[in-house]
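Below is one structure; the comments refer to it alone.
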Amino acid sequence: MSEQLTLYLYKLSPYSQKIELALTEANAPHRTYQVDLFNKPEWFASKVNPVGKVPVVTYGGPNVEPNDPSPLSAKIAESNVILEFLADLYPDSGLLPKDPVLRAKVRFFIDASTKHIEGPSLAFILGKESYDNILKGIEFIQELLEEGRDFAVGDHYTIADACISPSLARLKIITETDLGRAPARAFSREVESDYLETGKFPVGMGYKLGEELKGPKFVKFMKYVHRMLERPSLKQTHDEESVITFFKTRFTERVQ
Amino acid sequence: MTLQLSPFSQKVELALIEANAPYRGYHIDLANKPEWFTSKVKPVGKVPAVTYGGPSVDPEDPSPLSAKITESNVILEFLADLYPDSGLLPKDPVLRAKVRFFIDASTKHVEGPLYDFLLGDGSYESVLKGIEFVQGLLESGDFAVGDHFTIADACISPLLTRLKIITENDLGRFPVGLGFKLGEELKGPKFTKFTKYVDQILERPSLKQTYDKEGVITYLRAFFVRAQ
């Protein structure tokens, strides 16, 4: 593979982090370019992603500077689509197993993680829902984890692990710092409606969720979380202090 | 295992037929699920569900030795893996990404808004916006991506059949006449590419084989009754 691959990302975004994890675990040569979502360069929407979101990957085409993208490269958006793309580019990396049934297990895990963890976690941190759905989601995911196995599926790090780990890193932050609510400022016009509603994240709810997760019911899940958060690829791509600072500026209103 | 009326099940049937994959179909009455279905075909007794491998048993007596796979989009990818030369997914990674992006767009921008609209919870403007987005992805050919029927086409076609019913019969919990209005908008010059794609896909034998129009109309009439 000598085609260029450039990842446009926002370093605090969990969706961007999924891709960084997969690239790191697969040892895939690539370049990254940080996009400031609050101050997007004009060329980003016109030359890279008309929807204006990250992560996006450009693949192939001439070797240009990331801030001067070529119309000749393929542009691929949507984090889970990019994960599959990387698994296709690196079929021997283990990002996806070779066996069709195991591949289906990876995809089912990704679907479950998106539906049952990502969704409820976002709703919780925005103060729209209690953490009940997160716990139900964690129980569902826990059922999929096999005893004695280090990874979500099989014996190798797959895109399933890459997909869920950023959510796990943020759950850890919420339970340790009790940060959450509804910010006054939207990330972008596309998600404005999500963020302008007032949330009700009562003080202490984050800590309470953390306490629940320490119970015997979630031992298997927490072991998996710990393994994922200890991986070098996670530590390399996760700047916890910056994410906490980011959360602090965005999630500051609390309800007594 | 399918229910003829479920669009999610239809996605899978379409892919199986287009790939010429040998399979057995077993219809599950969702209103009256057999006990063995919920206990032996995990995880939550949903359809569509596929069992793969294991001994050749009666569909009503599934073996614990077969793999059980649920979630329609996961099953579509599984079939593309089982039949790599069927064209269900192209071989080129960039084209494969296009198929997956189309599936993601179809789910987010058409399926979601259409069901909300049908339930009376959404606007028909969202449906039109979603269709416009998907139309932007269509190339000039007969298929969603490339020149072969892929899981992208399998994924969106069941929605298109239901869209047609909604606009031709004004069926749904939205205000009276909005279904017809949606249909009129889609006949306009702005949506020529989309309408052309819809017409082509719905003419395919696989669509006609898997689509019980009268059955779906009856089902939609029963479930999406307007509050008077």
Side-chain angles (χ1 to χ4, degrees), chain A residues 1 3 5 15 19 28 49-51 53 56-61 72-91 95-116 136 139-144 153 159-160 190 193, chain B residues 8 12 19 21 42-44 46 48-54 65-84 86 88-109 112 123 126 129-130 132-133 136-137 145 151-152:
Chain A
M1 285 291 146
E3 300 278 15
L5 195 150
Y15 302 97
I19 312 307
N49 187 7
V51 176
K53 287 178 165 176
V56 182
V57 148
T58 66
Y59 178 74
L72 298 174
S73 58
K75 318 288 184 299
I76 298 156
E78 289 307 321
S79 61
N80 293 349
V81 173
I82 299 171
L83 288 177
E84 290 271 0
F85 178 65
L86 296 180
D88 278 338
L89 286 186
Y90 296 98
L95 281 182
L96 263 177
K98 306 251 181 183
D99 173 68
V101 172
L102 287 179
R103 288 162 79 93
K105 282 191 164 159
V106 170
R107 287 161 177 148
F108 187 85
F109 190 96
I110 287 176
D111 179 82
S113 159
T114 306
K115 271 194 201 123
H116 300 297
K136 280 201 204 122
E139 260 181 279
F140 189 91
I141 292 283
Q142 191 169 241
E143 277 292 297
L144 304 177
V153 178
I159 52 177
E190 288 89 47
S193 57
Chain B
F8 302 97
V12 174
K42 282 193 182 172
V44 287
K46 286 166 107 171
V50 150
T51 64
Y52 177 75
L65 298 174
S66 58
K68 319 286 186 296
I69 300 160
T70 59
E71 289 308 323
S72 60
N73 292 349
V74 172
I75 299 172
L76 288 179
E77 290 270 2
F78 178 65
L79 295 179
D81 278 337
L82 286 186
Y83 298 97
S86 63
L88 281 182
L89 263 178
K91 305 251 181 185
D92 174 68
V94 172
L95 287 178
R96 288 162 77 95
K98 282 191 163 159
V99 171
R100 288 162 176 146
F101 188 84
F102 189 95
I103 287 175
D104 179 82
S106 151
T107 306
K108 268 195 201 123
H109 300 294
S123 68
S126 302
K129 254 176 83 184
E132 226 188 310
F133 187 87
L137 304 175
V145 178
I151 53 176

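Hydrogens, waters and symmetry mates are skipped; everything else that's a heavy atom, side chains included, is used. Proteins get letters first, then strands, A, B, ... in listed order; numbering begins at 1 in each.
Proximity to chain B (any heavy atom under 4.5 Å) is shown, for Ala77(A), by both the backbone and the side chain. In this structure, chain A has no heavy atom under 4.5 Å from any part of Lys91(B).
Distance CZ/Arg107(A) to CG/Leu76(B): 10.5 Å, rounded to 0.5 Å. Interatomic distance, NZ of Lys75(A) versus NZ of Lys98(B), reported as 10.5 Å (0.5 Å rounding). One finds the CG atom of Leu89(B) at 8.0 Å from the CG atom of Asp88(A) (value rounded to the nearest 0.5 Å).
Residue Phe133(B) qualifies as enclosed at atom CZ: its count of foreign heavy atoms under 6.0 Å is above 12.
Put simply, the side chain of Phe101(B) does not reach to within 4.5 Å of the side chain of Ile76(A), judged on heavy atoms.
Looking at every heavy atom in both residues, Pro93(B) comes nearest to Phe85(A) through O-CD1, 3.5 Å.
Contact count versus chain B (heavy atoms, under 4.5 Å) is highest, among Asn80(A), Ile110(A), Val81(A), for Val81(A).
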